[in-house]
Structure formats: C-alpha cells, structure tokens
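What follows is a short report on a single structure.
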Amino acid sequence: MPVNLLDFDMDGLVAWFATMGEKPFRARQVMRWVHREGCADFAQMTDVAKSLRARLERDAAIVAPQPIRDAISTDGTRKWLLDVGNRNAVEAVFIPEARRGTLCISSQAGCALDCSFCSTGKQGFNRNLTAGEIVGQLWLANRLLGAVADPDGEGERVISNVVMMGMGEPLANFDNVVTALQVMLDDHAYGLSRRRVTVSTSGIVPAMDRLRDACPVALAVSLHAPNDGLRDKLVPINQKYPLKELLAACNRYLERAPRDFITFEYVMLEGVNDHDSHARELVAIAREVSCKYNLIPFNPFPNSGYRRSSPERIRRFSRILADAGIVTTTRKTRGDDVDAACGQLAGQVLDKTRRTAEGRPVVKITEERR
Ligand code: SAH
Ligand code: SF4
C-alpha cells in the first residue's frame, strides 16, 4: 500500500523522509506542492530531485475522498457528499460570504454520541476518518473551487475559515483531527490562522484539555440546554461530563485559546429549550464563561420528533441575551435547496432500516451516483 501524503503533518513528513535519508527541506517542498499547489502528480513537482520523485511515485500517493454528489445552491453554498469507502459517505460544505469563505468538514463517518436532535447521531457510528480523509476535504474543496492557495500568500483565499461542524465528534477522533489541524495551520500548507479554524465539540471534557495543550484553535461548544436536566436528554454526553465540569473546562481552554471567548451553539427546538426562562439561565452561564451564543434554527429531518422554533421566538430569545450584553448571533439557514444543513444529505442516502450484520448502517451510494 502506498503511503498517503495527506495523512502527514509537517513533523510526520519530515520523519518519513528521514527514514529515506531525505532532508527536512525536501519535506517542506513536497508539503507546498501538495497543499499550496493542490498537486496530485509527482511529475509536476519540478524542483524536487528526480530520484525522490521516482521514489514517491513508487511508495506514495495523494488520495482524497471522492465526491459522490456535488450540489451548488442558489445562494452559492456548495455541498459535497464524499465516498470514504465501505459504503460510507461524509459531507463537506462550502459557504461563501462577503468577506470570508467557510468550509465545514467532517471528522467521523457517523457519530456515537447520539444527540437527540441530530441526524448524524441517528445514523450511529461507523468509523473515524483518517487524517488524510479529514484534511483531504480541504485539499479537494480547494481544487474543486479552483482556488488552490496563492503560493505568495497574496490575493484572496476562497477558503479563509474551516469549521469542524460536519459529521462526527472531532474530539472523539483526537489524534487524526490534531494532525489534520496542524496541516491547516502550517505555513507550508494552508497557513490558516488559529482564529479561523474552529473545532466544535459536544463537550468531551478531557479531550478539551488535551486540545488546549496540543493545538489550541477556536472552540465552539454545543451547549443546546442551560441546565443538566435538559442537557442530559438532548446531549447525552452531559451525563458523563455535566455542565459544571464543562464550563470549568471552557475556562481552562480560554487560558490558551486564540480567541478570548467560547462560542456556545444552541439549537432552537420549539417548546423544548426555547423558553424565556432558558434564555435567562443562559445569561447566568455567560457570567461564568466568556462566551458568545450562536443560535441555530433546528434543521428538521424525517421522524426527528422536533420542530424549529418560530422566527419570532428566536428573535425574542436572542433579545433577552443581547439585552444582558451578550453577543448573540442567529445562524442563517443556507443551502436549503441542496440539503446543506448538518447531516442531512448523508441522512437521505442512508437507509436506516437496513443494517449490516455488524449493525452498521448501509449507505446506498450507488443510487445517488449521477
Ligand atoms: N459533533 C460536534 C460537531 C458536529 S455537529 C458537535 O456536536 O459539536 C455541528 C453542530 O450542529 C453542533 O452544534 C450540533 O449540535 C448541531 N446540530 C446537529 N444536528 C442539528 C440539527 N438537526 N439542526 C441544527 N443543528 C444541529
Ligand atoms: Fe455527534 Fe455532534 Fe451530532 Fe451530537 S450533535 S450526535 S456529537 S455529530
């Protein structure tokens, strides 16, 4: 099996090259070709010694997950469904805005944490993505958007921000996620600033501490409920790491975070977590942790059992927070016509009634191929 170069961060590539007697600057050269130029062909790496190119042709490959479906919404949102083998698929979404372009990527095929309102959670867990499959989403999107980073660092980058808010819990796939993050941040690769790379977690407390030490990037925490009683139901990992511990971990994270606030995500579920009293409880939480709230109108999916709060309810809820001096944004629902909302597309091609012998969901990829 050839080695997939997308699996390496700089340290990893330097170490692998060292086993072949190659110097670290060779690793930097190849890293730039692969990530800055979006190159998949060793023959094009003209400043790399011919002998090394021949060796790479033989022992290495540059392999990203392949799109099964590529849909562009009328609002410019572009969504890919990506084949990760074994009838598994994950999603990546590009969201263009006036002053930035955000790529939302996945970290796992499925998710084991089973949040009650999440379509990915309902699909169950299949497997962790490799570092190459994670960073490969950025590599591929750059190529497909025709926007491989400018080698001089000039000009506009189409992808200026990456958020790990696609399928899966990033902190449950810690090592591969950190390797992928290192590549995103590396000046020889994508050179993104730590403030523009966001990990979203449902609140795996020990892994939040590890991320702080290994690779502190911007952090979003899926709060979704202002007290343990409700959060235990909506985000079951809360039973293991209750709010008090979660908020303490947020404060520890802030000691090293590139931003001086945590973004708390809060899905708006009609009649469940959207009362005025819940907003007032959130105000109390904001007194404990420096934070912003991002209200996410619930994205419905079949048999979810939930409804999206009305726009008036969301406005009123948001006003209570804003009146208390807390920065609060409401996520725009975008790309509805291409099912760009979290987990929706893969949810559609997953037949939840059919499971393999191991209990894995079956993805009907072939029916989606066009
Ligand atoms: N597992 C991580 C990151 C992926 S989910 C996490 O839970 O944080 C990205 C965000 O989308 C999370 O805040 C998640 O709770 C939210 N989300 C999941 N399903 C949703 C739905 N149906 N509608 C709106 N937001 C949803
Ligand atoms: Fe997993 Fe996040 Fe969905 Fe919860 S919300 S099931 S942690 S992907």
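Both backbone and side-chain heavy atoms feed into the values below; hydrogens, waters and symmetry mates do not. Just follow the structure's listing: the first ligand is 1, and inside any ligand the first atom is 1. All residue numbers refer to positions in the sequence shown, counting from 1.
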What are the two closest heavy atoms between A64 and G136, and how far apart are they? CB-O, 3.7 Å
CG/D59 to CE/M1 distance, rounded to the nearest 0.5 angstrom?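 Going from the CG atom of D59 to the CE atom of M1 covers 13.0 Å.
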Atom pair CG/NE2 of N273 and H278 - distance to nearest 0.5 Å: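 If I round to the nearest 0.5 Å, the distance is 6.5 Å.
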Has G168 got any heavy atom lying under 4.0 angstrom from an atom of ligand 1? yes
Backbone or side-chain N or O of [X] under 3.5 Å from ligand 1 N or O:
| X | result |
| --- | --- |
| F117 | yes |
| S119 | no |
| S222 | yes |

L56 and V63: same hydrophobic cluster, using ILVMFWY side-chain contacts below 4.5 Å?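 In one cluster with L56: V63, no.
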For atom 10 (C) of ligand 1, the option (of R308, Q108, E265) bearing the nearest heavy atom: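 The residue whose heavy atom sits nearest atom 10 (C) of ligand 1 is E265.
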Report the member of M165, H224, M268, R331 with the shortest heavy-atom distance to atom 16 (C) of ligand 1. H224
Could you tell me which atoms of ligand 1, counted from 1 in the order shown, lie closer than 4.0 angstrom to a heavy atom of [X]?
| X | value |
| --- | --- |
| T201 | 6 (C), 8 (O) |
| C118 | 18 (C), 19 (N) |
| G166 | 4 (C), 5 (S) |
| I296 | 24 (C), 25 (N) |

Compile the protein residues with any heavy atom at a distance under 4.0 Å from an atom of ligand 2; present them by chain, then by number. C111, L113, D114, C115, C118, G121, G168, E169, S202
Regarding E169 and T201, do their side chains bring together a donor and an acceptor under 3.5 Å, going by distance alone? yes
Whether the D274 and S309 side chains hold a donor-acceptor pair (N or O, under 3.5 Å, no angle test) is what I'd like checked.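 A donor-acceptor contact under 3.5 Å links the two side chains.
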Would you mind writing out the side-chain donor-acceptor pairs for residues 315-324 within the sub-3.5 Å range, not counting sequence neighbours?
residue	atom	partner	partner atom	Å
R316	NE	D276	OD1	3.2
R316	NE	D276	OD2	3.0
R316	NH2	D276	OD2	2.5

Got a list of side-chain donor-acceptor pairs under 3.5 Å for residues 14-28, not counting sequence neighbours?
residue	atom	partner	partner atom	Å
T19	OG1	W16	O	2.5
R26	NH1	Q29	OE1	2.8
R26	NH1	D47	O	3.4

Checking E281 now: which residues fulfil side-chain hydrogen bond (donor to acceptor under 3.5 Å, both in side chains) with it, not counting sequence neighbours? N227
Under the side chain to side chain donor-acceptor pair (under 3.5 Å) criterion, do N294 and E265 qualify, and how do the steps go? CA-CA 5 Å; N294 186 213; E265 296 161 278; over 6 Å; no
Does R210 make a cation-pi contact with F174 (under 6.0 Å, within 45 degrees of the axis)? yes
